[in-house]
Amino acid sequence: MSIKERVAVIDFETNGITPGRDCRATEVGIVLLENGRIVDRFQSLMNAGVSIPPMIEQLTGISTAMLRTAPPVAKVMSEAARFVGTTPLVAHNAGFDRKFWDYELAQLGARREQDFACTLLLSRRVLRTAPDHKLGTLTRFFALPDTGRAHRALADAEMAANLLDYLAVTLQREHGLPDISHGLLCRLQKVVAAKVPAYLQGLSQGE
DNA sequence: TGCCAGGCCCTCTTTAGGGCCTT
């Protein structure tokens, strides 16, 4: 029980909140999830010529010195884009990772073609008992696997992948939905939160 | 000049405000 279709779960570490000349991706982690299992991984630091503020270095453990010896951002993002291809994308608080993915692709003259599903929006709708919807809190609260150091790109991407699978299993087990697709998740995350129970009931009855 | 995210959700709401979540 899980999503059968292959999806790419992505997480960026960055040196700020809004992408721009001085605010860039510093690390990317991507896992391919298929039938509830991680079947491939991609991870790299990347050097975009930016510096890391002390607060973010403390959060992520990524320093300006580490970036100086990392491969160029264009090389890493080209490889990441090839790794993902047209596989549907997923991220936790996808609005954040989507804007960095789109910005960095634009620097290469490329454009995203697929939608993002968001485990934050989905967990707010489906996992209502959680104390909050931070990725780390959800991982601990639902006893999902420990993937390593939080706030590093690959560990966070694996955490989000485990959360996505838990969401799919919960939708199947508790709401009677037989087949969970990326498209269904994208539709569900747009349903007004208060109307989600009625929406899920309608889906389970084949409406 | 001075400012500096933004989309989402909830409620003491809708002519709005504040907290959440990502780094």
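In this text the structure is predicted, and so the values were computed from the model without any measurement. Here is how names work: the chains are called A, B, and so on, in the same order as the sequence lines, proteins then strands, and each is numbered from 1.
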B:dC12 and B:dC20, which share atom name P, separated by this distance in whole Å:
16 Å
Check whether any side-chain N or O of A:Glu104 sits under 3.5 Å from a backbone N or O of A:Met77 as a donor-acceptor pair, and report yes or no.
no
Interatomic distance at C1', B:dT15 relative to B:dT22, whole Å:
31 Å
Would you measure the distance from the P atom in B:dG18 across to the matching atom in B:dT23 and give it in whole Å?
26 Å
Looking at every strand, decide which applies to A:Asp11 at a 4.0 Å heavy-atom threshold: base, sugar-phosphate, or nothing.
sugar-phosphate
Nearest-nucleotide 5' precedence on DNA chain B, A:Leu120 against A:Ala194:
A:Ala194
If the condition is side-chain hydrogen bond (donor to acceptor under 3.5 Å, both in side chains), which residues does A:Thr137 pass it with, not counting sequence neighbours?
A:Asp132
Results of side-chain hydrogen bond (donor to acceptor under 3.5 Å, both in side chains) for A:Glu34 - residues two or more places apart only
A:Arg6
All side-chain hydrogen bond (donor to acceptor under 3.5 Å, both in side chains) counterparts of A:Lys195, not counting sequence neighbours
none
Same-atom distance (P) from B:dG2 to B:dC10, integer angstrom
39 Å
Backbone of A:Leu154 reached by a side-chain donor or acceptor of A:Arg152 within 3.5 Å:
no
What residues in residues 126-147 of chain A put a non-hydrogen atom under 4.0 Å from any atom of DNA chain B?
A:Arg128, A:Asp132, A:His133, A:Lys134, A:Leu135
Residues in contact with DNA chain B, drawn from residues 18-33 of chain A - heavy-atom cutoff 4.0 Å
A:Thr18
Mind listing the residues from residues 90-107 of chain A sitting with a heavy atom below 4.0 Å of DNA chain B? Number order is fine.
A:His92, A:Asn93, A:Phe96, A:Lys99
First encountered from the 5' end of DNA chain B, between A:Asp156 and A:Arg124:
A:Arg124
Those residues at least two apart in sequence (or on a different chain) that pass salt bridge (charged side-chain N to carboxylate O under 4.0 Å, His left out) with A:Arg37 are none
Is it true that A:Leu185 and A:Leu33 fall in one hydrophobic cluster, defined by side-chain heavy atoms closer than 4.5 Å?
yes
So the side-chain hydrogen bond (donor to acceptor under 3.5 Å, both in side chains) pairs with at least one residue in residues 72-95 of chain A (sequence neighbours excluded) are A:Lys75-A:Glu79, A:His92-A:Thr119
Counted 5' to 3', the first and last nucleotides of DNA chain B within 4.0 Å (strictly under) of a heavy-atom of chain A are B:dA5 to B:dT23
Using the test side-chain contact (heavy atoms from CB on, under 4.5 Å), find all partners of A:Ala94 that sit at least two apart in sequence or belong to another chain.
A:Ala91, A:Phe116, A:Cys118
Reckon A:Ile17 touches a base, only the sugar-phosphate, or nothing at all at heavy-atom distances under 4.0 Å?
base
In whole Å, what separates the C1' atom of B:dC9 from that of B:dC3?
26 Å
Just grab all the ring pair (Phe, Tyr, Trp, His ring centres under 6.0 Å) pairs involving residues 42-81 of chain A, residues at least two apart or on different chains.
A:Phe42-A:Phe83
Taking the P atom in each of B:dC8 and B:dT1, what is the distance between them to the nearest angstrom?
35 Å
Taking atom P in both B:dG7 and B:dT13, what distance in whole Å separates the two?
24 Å
Verify, without hydrogens or angle tests, whether A:Arg24 (side chain) and A:Gly16 (backbone) share a donor-acceptor contact under 3.5 angstrom.
no
Heavy-atom count around A:Arg21 CZ within 6.0 Å, excluding the residue itself: above 12?
no
Kindly state each residue pair satisfying ring pair (Phe, Tyr, Trp, His ring centres under 6.0 Å) with at least one member in residues 119-166 of chain A, sequence neighbours excluded.
A:Phe142-A:Tyr166
Common cluster, A:Tyr103/A:Ile52, ILVMFWY with side-chain heavy-atom separation under 4.5 Å
no
